[in-house]
Amino acid sequence: MTAELFRALHHGGTPLVLPNAWDPVSARLVAEAGFSAVATSSGAVARVLGYDDGQLTPPQTMFAAVARIVRAVDVPVTADLEAGYGLPPKEFAERLLETGAVGCNLEDSVDGALVDIAQQADYLAEVRAAAGAELVINARVDTFLRPVDDPVAEAVRRGREYRRAGVDCVYPILAPLDQLAQVAEAVGGPINGHAKTGGPTPAELAAAGATRISYGTSVHEYVMAQLRELLPTLTP
C-alpha cells in the first residue's frame with residue numbers, strides 16, 4: 001500500500017488502530033488479525049535486537065529490522081524511529097524509504113530533554129521535503145513525559161508548529177484523556193492517542209479526539225510478562 005492510501009486511513013470514520021510489532025512474526029500476527037497497517041515499537045525492536053530504548057540501536061541495525069518487518073506483511077508499515085538517531089534529515093528519509101516503510105514516528109526529546117521547538121520543526125520540515133508525499137510523518141510530542149510547567153499549552157504550541165512543518169499526525173504521548181481532548185481540539189487534524197493493554201481503551205481515546213491509536217511497547221511488555229509466568233511452569 002502506498003503512503004497516500006496509508007495517509008487516508010487517518011481520515012476514516014473510525015480510528016486507525018496500530019498494535020505495535022517488534023519482529024516479522026509479531027507483524028504477521030497483527031496483519032492476520034485484520035489490522036490495516038503495522039506500526040513498529042522502537043523500544044520493543046531495540047530490546048529484541050539486544051539494545052535498550054533511547055537511540056542506542058545503531059541506525060543500520062534498526063533500518064534492517066524495519067525492512068524485515070516490511071517484507072513479512074502485505075499491509076503498510078510505519079516505523080517508530082525515536083528521534084532519528086542523529087541522522088541528517090535527508091539521509092534519514094532516504095534510508096527509511098529504502099526499507100519499504102510508508103510512515104515514521106519521530107519524537108521531540110533526546111536524552112530525557114525536549115528538543116528546541118524550532119529545531120524540531122526544521123528537522124521535520126526537512127524530512128518532509130526529502131520524502132515528499134512518500135512518508136506519513138507522525139510527530140510525537142513529549143510534553144507529558146518531561147518536566148513542563150503547562151504540558152497542554154506546550155503540546156498545542158508544538159503540535160501547531162509541527163503541522164506547519166508538514167507532518168500528517170501529532171502524537172501527544174501519554175496525555176490524560178481530558179488533556180488529550182484539549183490538544184486535539186486546539187491542534188486539529190489527525191491526533192495519535194496512546195493506548196495500553198490495561199487502558200485507556202481505543203474507544204476512550206477516540207471519544208477524546210484520537211483518529212490514530214497506537215500501543216507503544218505495551219503489547220511487547222504484555223507478551224513478555226506472559227512468557228515470564230509460563231517459564232517456571234516448564235521445569236520438571
Side-chain angles (χ1 to χ4, degrees), residues 7 9-12 14-20 39-43 53-55 78-85 89 92 103-128 135-218:
R7 187 173 288 112
L9 294 174
H10 293 68
H11 300 273
T14 57
L16 169 64
V17 180
L18 298 166
N20 297 73
T40 70
S41 161
S42 62
D53 204 5
Q55 302 226 109
T78 181
D80 180 3
L81 295 166
E82 305 193 55
Y85 303 103
F92 171 84
C104 65
N105 183 75
L106 285 166
E107 57 200 52
D108 64 354
S109 61
V110 176
D111 296 332
L114 287 167
V115 176
D116 175 77
I117 184 172
Q119 178 184 339
Q120 183 68 6
D122 286 346
Y123 190 88
L124 292 167
E126 290 181 40
V127 171
R128 168 59 70 216
L135 278 180
V136 175
I137 302 174
N138 191 40
R140 203 179 90 176
V141 177
D142 287 0
T143 62
F144 297 93
L145 288 177
R146 311 302 175 202
V148 177
D149 290 337
D150 189 338
V152 172
E154 184 63 14
V156 170
R157 189 169 78 97
R158 286 174 176 264
R160 289 173 172 170
E161 194 65 26
Y162 301 162
R163 285 256 193 263
R164 284 190 283 271
V167 307
D168 298 281
C169 188
V170 171
Y171 183 12
I173 188 170
L174 295 183
L177 289 170
D178 59 334
Q179 296 179 27
L180 176 66
Q182 294 176 54
V183 176
E185 182 176 2
V187 173
I191 294 288
N192 194 145
H194 185 77
K196 294 183 179 180
T197 52
T201 67
E204 291 170 331
L205 290 165
T211 54
R212 166 174 164 159
I213 295 165
S214 54
Y215 282 78
T217 60
S218 67

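The basis for the numbers below is simple: all heavy atoms, side chains too, and nothing from hydrogens, waters or symmetry mates.
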*Not counting sequence neighbours, which residues clear side chain to side chain contact (heavy atoms under 4.5 Å, CB included) with Q182? List them please.*
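Result, side chain to side chain contact (heavy atoms under 4.5 Å, CB included) vs Q182: V152, Q179.
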
[atom1]-[atom2] distance between [X] and [Y], expressed to the nearest 0.5 angstrom:
{"X": "Q119", "Y": "L114", "atom1": "CD", "atom2": "CG", "answer": "11.5 Å"}
{"X": "I191", "Y": "C169", "atom1": "CD1", "atom2": "SG", "answer": "6.5 Å"}
{"X": "D122", "Y": "E161", "atom1": "CG", "atom2": "CD", "answer": "8.5 Å"}

Are side-chain heavy atoms of [X] and [Y] found at a separation under 4.5 Å?
{"X": "R158", "Y": "V187", "answer": "no"}
{"X": "V167", "Y": "N138", "answer": "no"}
{"X": "E107", "Y": "Y171", "answer": "no"}
{"X": "T78", "Y": "T40", "answer": "no"}
{"X": "R212", "Y": "D168", "answer": "no"}
{"X": "L174", "Y": "L145", "answer": "yes"}

_Trace of the side chain to side chain contact (heavy atoms under 4.5 Å, CB included) decision for D142 with Q120_ = CA-CA 12 Å; D142 287 0; Q120 183 68 6; over 6 Å; no

*Using a cut-off of 6.0 Å, state whether more than 12 heavy atoms not belonging to D149 lie near its atom CG.*
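No, the 6.0 Å shell around CG holds no more than 12 heavy atoms from other groups.
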
*Side-chain donor or acceptor of T211 paired with backbone N/O of P15 under 3.5 Å*: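 Between the backbone of P15 and the side chain of T211 there is no qualifying donor-acceptor contact (under 3.5 Å).
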
_Ignoring hydrogens, what is the shortest heavy-atom contact between A155 and V183? Give both atom names and the distance._
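That closest heavy-atom pairing would be CB-CG2, 4.0 Å.
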
*Work out which heavy atom in Y215 is nearest to a heavy atom in P19; give both atom names and the distance.*
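For Y215 and P19, the tightest heavy-atom pair comes out as CD1-CA, 4.0 Å.
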
